[in-house]
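The next block holds one structure in the form of structure tokens; read it before the comments.
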Amino acid sequence: MSGDEHDGEPAASPTPFERLGGESGVRALVDRFYDLMDLEPRFAELRAVHPTTLDGARDKLHWFLCGWLGGPNHYIDRFGHPMLRARHLPYPIRSVERDQWMGCMLQAMQDEGVEPALMQRLAEALYGTADWMRNKPG
Ligand code: HEM
């Protein structure tokens, strides 16, 4: 007996998307991320490369992360391949912006009560992406 309720089917391990609470959990994380970016002076350089309104960024990061975390591919359905590095080229991103992006995301995950093991795994993967987005020396 595996303890599984479905005849012989192994229980699929939950995706990070499911562990974060699905669409509403990911949305809450993204909203916290941009609220912090807007409010916290320690993220000022990061805030400065963003447009006046963060509404479009909130929707796009939410759609992107849903798919990236193993949930529905809302971003790709709307915009095609993410090509994140190319899409970030209009914005000057140095180490300071990368580090503030990571700091802001870590704080948002902490505030949303993301399990520490999941947070560590996501932080490592996100750091790789954020580092790859750098497009300006410094
Ligand atoms: C490294 C520091 C980063 C900076 C400074 C940065 C900055 C920005 C800015 C200014 C925008 C445009 C927002 C708008 O159009 O309103 C944007 C868009 C976006 N960012 Fe980032 N970002 C960073 C890292 C990341 C990372 C690590 C991810 C993914 C995990 C990400 C995912 C996205 C997505 C999906 C969009 C929407 C792209 C589009 O369709 O135009 N960004 N980012």
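Numbering of ligands and ligand atoms starts at 1, following listing order. Quick note: numbers below take in every heavy atom, side chains included, and nothing from hydrogens, waters or symmetry partners.
- Short contacts between ligand 1 and R87, defined as distances under 4.0 Å to a heavy atom of the residue, involve ligand atoms 38 (C), 39 (C), 40 (O), 41 (O).
- Residue A57 approaches ligand 1 through these ligand atoms, each under 4.0 Å from one of its heavy atoms: 13 (C), 16 (O).
- Counting only N and O atoms by type, the side chains of Q110 and R32 include no donor and acceptor under 3.5 Å apart.
- Between the choices I93, D59, L54, the shortest heavy-atom distance to atom 4 (C) of ligand 1 belongs to I93.
- Residue contacts with ligand 1, taken as heavy atom pairs separated by less than 4.0 Å, involve L46 solely via side-chain atoms from C-beta onward.
- Residue H88 has at least one nitrogen or oxygen atom sitting less than 3.5 Å from a nitrogen or oxygen atom of ligand 1, judged on distance alone.
- For the pair K60 and F79, the cation-pi test (distance below 6.0 Å, angle within 45°) is passed.
- Protein heavy atom at the shortest distance from atom 11 (C) of ligand 1 is Y91 CE1, 3.7 Å.
- If you number the atoms of ligand 1 from 1 as listed, the ones under 4.0 Å from a heavy atom of F64 come out as 29 (C), 30 (C), 35 (C).
- The aromatic rings of Y91 and H88 sit perpendicular to each other, their planes meeting at more than 60°, with 30° as the lower class boundary.
- How far OG1 of T129 is from CH2 of W101: 7.5 Å, rounded to the nearest 0.5 Å.
- The contact set between ligand 1 and Y75, taken as ligand atoms under 4.0 Å from a residue heavy atom, comprises 38 (C), 39 (C), 40 (O).
- Within ligand 1, the atoms closer than 4.0 Å to a non-hydrogen atom of L84 are 29 (C), 34 (C), 35 (C), numbered from 1 in the order shown.
- For atom 16 (O) of ligand 1, the closest non-hydrogen atom on the protein side is P51 CG, 3.3 Å.
- Taking a 4.0 Å cut-off on heavy atoms, F79 fails to register as neighbouring ligand 1.
- The protein heavy-atom contact nearest to atom 26 (C) of ligand 1 is W101 CZ2, 3.4 Å.
- Using a 4.0 Å cut-off between a side-chain N of Lys or Arg and a carboxylate O of Asp or Glu, D59 and R27 qualify as a salt bridge.
- Using a 4.0 Å cut-off to heavy atoms of L61, the atoms of ligand 1 that qualify are 32 (C).
- Below 4.0 Å from some heavy atom of K60 lie the following atoms of ligand 1, by number and element: 37 (C), 39 (C), 40 (O), 41 (O).
- Using a 4.0 Å cut-off between charged nitrogen and carboxylate oxygen, D99 and R134 do not count as a salt-bridge pair.
- Heavy-atom contacts of V49 reach the following atoms of ligand 1: 5 (C), 10 (C) (cutoff under 4.0 Å).
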